[in-house]
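Written below as structure tokens is the structure these notes are about.
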2 protein chains.
Amino acid sequence: MVQNTQPRPRGRPRAYDRQQALAQARDAFWQAGFAATSMDDLSAATGMNRPSLYAAFGDKQQLYLELLERYIVAANQAIAVEFEQDQPLARTLTRFYRYALALYLPEEGPPRGCFLTGTAVSEAAANPQVREKLLTGLSGFTRALERRLRRARDEGEIEAQADPAALADIASAVLHSLAVRARAGDSRVALNATIKTAIGLICGSAQRRNARRASHA
Amino acid sequence: MVQNTQPRPRGRPRAYDRQQALAQARDAFWQAGFAATSMDDLSAATGMNRPSLYAAFGDKQQLYLELLERYIVAANQAIAVEFEQDQPLARTLTRFYRYALALYLPEEGPPRGCFLTGTAVSEAAANPQVREKLLTGLSGFTRALERRLRRARDEGEIEAQADPAALADIASAVLHSLAVRARAGDSRVALNATIKTAIGLICGSAQRRNARRASHA
DNA sequence: AGTGTTTTGTACCATATTGAACAATATTTA
DNA sequence: TAAATATTGTTCAATATGGTACAAAACACT
């Protein structure tokens, strides 16, 4: 059997776990936003001291951009897995929005919305790097939705004349709205009602009844 | 004729115009966000020195909350004026979204999106006062849309079985999406396509053709 | 044990930021 | 012209923040 244990690195071992520290830094940014989170906050959140933070992740902006990238990649992977499933469109979209909402409304603590819309949007106007990553992330989600809707159209799940790109725009808009409204403190009931309405509208006349009378809080 | 000139106040006259200073402070926040805007930035933007800023508007948060309030009131007034017009729903919605987009994409300078979603959303998770005002503002817009859609239904502009609250949710979602995507740097063409799609979808089967084939960038 | 290597943790510096104190200034009123 | 009043502009203190230098610590290798 091949030796699969890596040779341990030379010097003093790290006192932190890189993945865990990144997640903790992300949560700190997620709560307070980029500008309002200081290196001291990040130090406290990760348990690392500042020199270690700089050595491991560069300065605050580098770390933040890295976290944006990771969030986008993870979201795209989760979406890809879900959209590859051989499930009805309505069910897939329901799971898609429910998964997002679970992320936006954690069990404990204040509602936080989406990491991208909750923290990157405010920086985007003044910071081109953040703006670029944000747009890349958002349009990636939209394209994934469009591919799934195209498949739904090709397989006869929605009307043959439906425009996948147009419907993906609406489906994305609902996601953006959930992200904003969740962080704004809107109720879970109201957000779920929006999800129901959106799915009814997107999935077409077969589901039109739901679109008309989704329960509202 | 009654004397309508106010008696001038006692001491040294103000060197600034209050309304103008508020607008300049708002634009500073709008560009960089709340946390990234310092009192010095506000001082530079308004031309006032910091002691005058404190005397006139209180601390940074007080000033910001005041600006949120004014933005919400102004938007509600503009919406009320527009929605009172005796115009077809599709035309009203078109003007509504175009007006928003003009605000989000100024002629000069980087795209800025909506003042609420662009600056208040990031603060909302950690700041209950901002969160409350944000939710109030957003749900006010949604209610105005709902009233207009109810009128459209009652007057036969859209199907009698349509649910105004549900459609208002979608119409709001599109507004939120425009706000986010504009600040993220998405193209004017793409945003206009989303507007067309949304209006086609909301206004129902009479406009269904537009919903299917709105041009995409 | 001793040496080299990497990380940690303390200490430090320069600057940014908030907030207020206070004298100077510009105006109205007596 | 003098007094009262309100704002301006300078100055200052206290703290926050970003970023780094450097010695101590913890490991691998010889």
Side-chain angles (χ1 to χ4, degrees), chain A residues 3-22 24-26 28-68 119 122-123 126-127 129-130, chain B residues 3-22 24-26 28-29 31-67 119 122-123 126-127 129-130:
Chain A
Q3 187 113 351
N4 63 354
T5 58
Q6 299 283 341
R8 298 184 61 178
R10 265 311 189 90
R12 177 171 175 169
R14 290 202 177 90
Y16 61 89
D17 177 75
R18 187 180 172 88
Q19 304 303 318
Q20 183 181 333
L22 285 169
Q24 287 163 328
R26 182 204 58 198
F29 279 128
W30 204 332
Q31 164 136 41
F34 172 77
T37 304
S38 70
M39 291 302 287
D40 271 340
D41 293 333
L42 294 169
S43 175
T46 59
M48 301 166 63
N49 44 35
R50 273 181 298 153
S52 294
L53 275 175
Y54 280 102
F57 308 120
D59 64 13
K60 198 171 89 161
Q61 166 146 334
Q62 271 183 273
L63 169 56
Y64 179 65
L65 289 170
E66 165 79 19
L67 292 172
L68 284 183
T119 70
S122 70
E123 306 304 316
N127 189 326
Q129 294 189 67
V130 171
Chain B
Q3 186 114 353
N4 63 354
T5 58
Q6 299 283 342
R8 299 184 63 179
R10 267 307 192 86
R12 177 172 175 171
R14 290 201 176 91
Y16 59 90
D17 177 75
R18 186 181 174 88
Q19 304 303 317
Q20 184 181 333
L22 283 169
Q24 288 162 328
R26 182 204 57 199
F29 279 129
Q31 165 135 41
F34 172 77
T37 303
S38 69
M39 291 301 287
D40 270 339
D41 294 331
L42 294 169
S43 175
T46 58
M48 300 166 64
N49 46 32
R50 274 178 297 142
S52 294
L53 275 175
Y54 281 105
F57 308 119
D59 63 14
K60 199 171 88 161
Q61 164 144 336
Q62 270 184 274
L63 169 57
Y64 179 66
L65 289 171
E66 165 79 18
L67 292 172
T119 69
S122 70
E123 306 304 316
N127 189 326
Q129 293 189 67
V130 172

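The figures here come from the full heavy-atom set of this structure, side chains too, leaving out hydrogens, waters and symmetry mates.
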- Item | Atom pair distance, as rounded to whole Å: CE in B:Met39 and P in C:dA20 | 10 Å
- Task: Return the 5'-most residue of the pair B:Pro13, B:Pro51 with respect to DNA chain D, ranking by each residue's nearest nucleotide.
- Result: B:Pro13
- Measuring from A:Leu22:CG to A:Leu63:CG, what's the distance to the nearest 0.5 Å? 6.5 Å
- Reckon B:Asn49 has a side-chain N or O less than 4.0 Å from the OP1 or OP2 of D:dT8? no
- Is it true that the side chains of B:Thr119 and B:Tyr64 contain a donor and an acceptor less than 3.5 Å apart? yes
- Name all stems that contain residues of DNA chain C, defined as runs of 3 or more consecutive Watson-Crick or G-U wobble pairs, both distances under 3.5 Å. C:1-30 with D:1-30
- Query: Within the structure, does a side-chain N or O atom of B:Arg10 lie under 4.0 Å from either OP1 or OP2 of D:dA6?
  - Reply: no
- Task: Send over the distance from B:Tyr16 OH to C:dA26 C1', rounded to a whole Å.
- Result: 15 Å
- Atom pair CD (A:Gln62) and CZ (A:Phe57), whose distance is rounded to the nearest 0.5 Å: 11.5 Å
- Note on the structure: From CG of B:Asp40 across to P of D:dT10 the rounded distance in Å is 13 Å
- Report yes if a side-chain nitrogen or oxygen of A:Arg12 is closer than 4.0 Å to either non-bridging phosphate oxygen (OP1 or OP2) of D:dA25; otherwise report no. no
- Run the numbers on A:Asn49 and A:Ser52 for side chain to side chain donor-acceptor pair (under 3.5 Å), then give the verdict. CA-CA 5 Å; A:Asn49 44 35; A:Ser52 294; 2.8 Å; yes
- Query: In terms of side-chain heavy atoms, does A:Ser43 have a donor or acceptor partner in A:Asp40 at a distance below 3.5 Å?
  - Reply: no
- Please report, rounded to the nearest Å, how far the C1' atom of D:dG19 is from the CG atom of A:Leu63. 15 Å
- How many angstroms lie between CD in B:Gln24 and OH in B:Tyr16, if you round to the nearest 0.5 Å? 12.5 Å
- Item | Whole-Å gap separating P (C:dG19) and NZ (B:Lys60) | 9 Å
- Pick the nucleotide of DNA chain C nearest each of A:Arg50 and A:Ala15; which residue has the one closer to the 5' end? A:Ala15
- Item | Interatomic distance, B:Arg14 CZ vs C:dA26 P [rounded to whole Å] | 17 Å
- Task: Working to the nearest 0.5 Å, report the span between CG of A:Leu42 and CZ of A:Phe29.
- Result: 4.5 Å
- Between B:Ser38 and A:Ser52, just flag the one whose closest nucleotide in DNA chain C comes earlier from the 5' side. A:Ser52
- Find the distance A:Tyr54:OH to C:dT8:C1' and express it as a whole number of Å. 16 Å
- Note on the structure: Rounded to whole Å, the OH-C1' distance (B:Tyr64 to C:dT18) equals 19 Å
